[in-house]
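Residue numbering restarts at 1 for every chain, and letters A, B, ... go by the order of the sequence lines.
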There are 2 protein chains.
Amino acid sequence: MPGVVMIELSAVIVAMDKEVPRVLLVRADVSGNAGGDGQEGLPCGPFDPSGHRTLDEGLRRWVDQQTGLPLGYVEQLYTFGDRFRDPLERAGGPRPVSVGYLALVRKTEGKSLGEGVWNDWYRSFPWEDWRAGPPEIIDAVIAPGLAQWCERAASRPERQLRRERADLTFAFGDSSWDNERVLERYELLYEAGLVAETARDGATLSGDPRDQRPLPTGVPLIKDHRRILATAMGRLRAKIKYRPVIFELMPPSFTLLQLQRAVEALAGGRLHKQNFRRLVAHEGLVERTGQISAQTGGRPAELFRFSRGVVLKRPAPGVRLPVRVKPRRKSSRK
Amino acid sequence: MPGVVMIELSAVIVAMDKEVPRVLLVRADVSGNAGGDGQEGLPCGPFDPSGHRTLDEGLRRWVDQQTGLPLGYVEQLYTFGDRFRDPLERAGGPRPVSVGYLALVRKTEGKSLGEGVWNDWYRSFPWEDWRAGPPEIIDAVIAPGLAQWCERAASRPERQLRRERADLTFAFGDSSWDNERVLERYELLYEAGLVAETARDGATLSGDPRDQRPLPTGVPLIKDHRRILATAMGRLRAKIKYRPVIFELMPPSFTLLQLQRAVEALAGGRLHKQNFRRLVAHEGLVERTGQISAQTGGRPAELFRFSRGVVLKRPAPGVRLPVRVKPRRKSSRK
DNA sequence: CTATATATGCTCAAAGTTAGTATAAGTTTC
DNA sequence: GAAACTTATACTAACTTTGAGCATATATAG
């Protein structure tokens, strides 16, 4: 019967752990994904049209079954249907179409998560964290790797195109870093053979023996799950700017610095403190609780809570980002 | 076999015709959609995993087959999988999951489109066009209809929730009109029984005989295609603000007023002329061609073209909207 | 020639943003 | 207990962006 496929639902479940954005992963064998060799992947499972009333519901059921975690905020990301996304397909496996979701939860200490394990999301994307300045991996590995990839181009115009693309996505030359282009950067590295998935998926980009060495460019995930995670990161980074989704990740009350650290962790860059406070206060996103935090450190801060009232009046507020670190990088062209 | 479903690909194909945004529709029988009674719907067809390398490719093939139109810019919108989206499903039909796409093309005069017909997209969403001020249908039909829907709520808190939702989405009270919330508005009207699809899909919201009358709230489409169209409108309205997608719809050269009219037509509101020019000029989105348009009207305008250079340097420019018409509406609560 | 329509350059004030300084109120170290 | 450090919060000066309008240029219609 033509047109019949299997739909897989996969979830990028994000929580904040202090200043670390974490993603829930499961060992591949748990979610029924063969061929992963014990590698990690996103919680996922097939959509069952007779049992699941909606796609969302199917997703929640699978996540609950694999991790015991009840999901709150859930948002559909993208549907991936390219051929050979799953390496098994080349060996005659079925053609899965997978619908990726982004879910935000508050991290609860100690609670058992079934087979789930929380992981720093920058573990798979070390080049995305600019909070301590430009990540070394860019200068050490990515820039030279991309420069070689540019040189490998067959023709001159193709070489030029590759350079422009590399400059644009990784902020070489006088382009500036756009923290939302997570997917573009991952796909560029994939095409350039600079992430482990390229070799695993069987592309033969060159006979260069250097391409066979294990790559230090972040921890790979099974199938195309790292691509789905990249999609989720980009979407979340975009969304915190115009919708108050950050509060889905925060405890009920928090200091303004905690809020700022959470935003910085997701956005992957530092913000200007005074302006950040002015923005969130001015937009009416938070309201004082009157309580004072009993923390270590300096002067005690007042605790705030999310002000639900905003959602009704204003069009679509989010946490604006008064970015401070605007570094210029040198070109990959030399 | 569990988890096996049929995937349908549907396309919202948009083109500009002077100052009218048009969407390509086909008669339902053409796209193999029974039960439409000759109603119109989006070009669509089943995804074939053995024949189609990617979802995009499948979509392009279906559109080409039904309308002969080659697609340029294509973007995935959303995957719809709720039960009973297709009325036939209640009668034992299969469970379709449909992936909606947005495509932008330049309208070519006279060219045959197979079974396709261009339609003003406001024909199905008359309340979305604010270019000539607040549409009458809002005061005449929607506001009173929603007020009744609020009153029908079972409990007081539920009634309050309905009022807040109506005020927020339709800019009653002191909320302001957000032109991107096309989907939210359509879904509200659907739930309130104010569009033809509610009755057709078999929901019985009340025994009120007024609910049986044909509704003047825009032309319905088959299945959930009007919902997909609403998703596309919202996405496109959002996207023109931060990516230069508007130029996919423009001829190679155009006057600034033509550009402004196109943006206004999509955004559904008027813009301030001088500020609009300053913005597009200042952002470096366009460059002069040196040529002068030979039009009727007043002083001849200079012709501009899209400046591809911007894409390389700046992060992600789009056409900002210096909105002029910011009307306040009265509340539905009375 | 006059009225009218459109194009385009320029100004001006209000509002918002960036990047600071200054000071207050705690904790940690010695 | 004083010094050093950390964090919170108020305030300000310089700059940029935005909204709204005026003025003038160049066409067509009559």
Asks: Over 60° means perpendicular and under 30° means parallel, so classify the ring planes of B/F125 and B/W127, tilted if in between.
Replies: perpendicular

Asks: Looking at every strand, decide which applies to B/E302 at a 4.0 Å heavy-atom threshold: base, sugar-phosphate, or nothing.
Replies: sugar-phosphate

Asks: C/dC10 P sits how many Å from B/R278 CZ, rounded?
Replies: 13 Å

Asks: On the nucleotide D/dT7, are OP1 or OP2 found under 4.0 Å from the side-chain N or O atoms that A/K273 carries?
Replies: no

Asks: Can you check whether any acceptor in the base of C/dT21 is under 3.5 Å from a donor in the side chain of A/Q274, or vice versa?
Replies: yes

Asks: If the condition is side-chain hydrogen bond (donor to acceptor under 3.5 Å, both in side chains), which residues does B/R299 pass it with, not counting sequence neighbours?
Replies: none

Asks: What residues, two or more places apart in sequence or in another chain, satisfy side-chain hydrogen bond (donor to acceptor under 3.5 Å, both in side chains) together with B/S293?
Replies: B/Q295

Asks: With a 4.5 Å heavy-atom cut-off, do A/R237 and A/E128 have their side chains touching?
Replies: yes

Asks: List the residues meeting side-chain contact (heavy atoms from CB on, under 4.5 Å) with A/E19, not counting sequence neighbours, and say none if there are none.
Replies: A/R131, A/R261

Asks: CD1 of A/I292 versus C1' of C/dA24: gap in Å, rounded?
Replies: 13 Å

Asks: In whole angstrom, give the distance that lies between atom CZ of A/F254 and atom C1' of D/dA8.
Replies: 16 Å

Asks: Check every atom of D/dT9, C/dA7, D/dA20 against the side chain of B/H272 and return the nucleotide holding the closest atom.
Replies: D/dA20

Asks: Tell me what B/L257 touches on the nucleic acid: a base, only sugar-phosphate, or nothing, going by heavy atoms under 4.0 Å.
Replies: sugar-phosphate

Asks: Tell me the interatomic distance from B/R270, atom CZ, to D/dG19, atom P, rounded to whole angstroms.
Replies: 17 Å

Asks: How long is the line joining CG of A/L279 and P of D/dT9, in whole Å?
Replies: 16 Å

Asks: What does the list of N/O pairs under 3.5 Å between the protein and nucleotides 25-27 of chain D look like, with a distance for each?
Replies:
from: D/dA25; atom 1: N3; to: B/R299; atom 2: NH1; distance (Å): 3.0
from: D/dT26; atom 1: O2; to: B/R299; atom 2: N; distance (Å): 3.4

Asks: Just how far, in rounded Å, is C1' of C/dT8 from CD of B/Q260?
Replies: 13 Å

Asks: Quick one: ring pair (Phe, Tyr, Trp, His ring centres under 6.0 Å) partners of A/Y122, sequence neighbours excluded?
Replies: none

Asks: Can you identify which nucleotide, out of D/dT18, C/dT8, D/dG19, has its nearest atom closest to the B/N275 side chain?
Replies: D/dG19

Asks: In this structure, how many angstroms lie between the P atom of D/dC11 and the CZ atom of A/R277, rounded?
Replies: 14 Å

Asks: Could you list the residues that satisfy ring pair (Phe, Tyr, Trp, His ring centres under 6.0 Å) with B/F254, not counting sequence neighbours?
Replies: B/F247

Asks: Rounded to the nearest Å, what distance is computed from the CG atom of residue B/L271 to the C1' atom of nucleotide D/dG19?
Replies: 13 Å

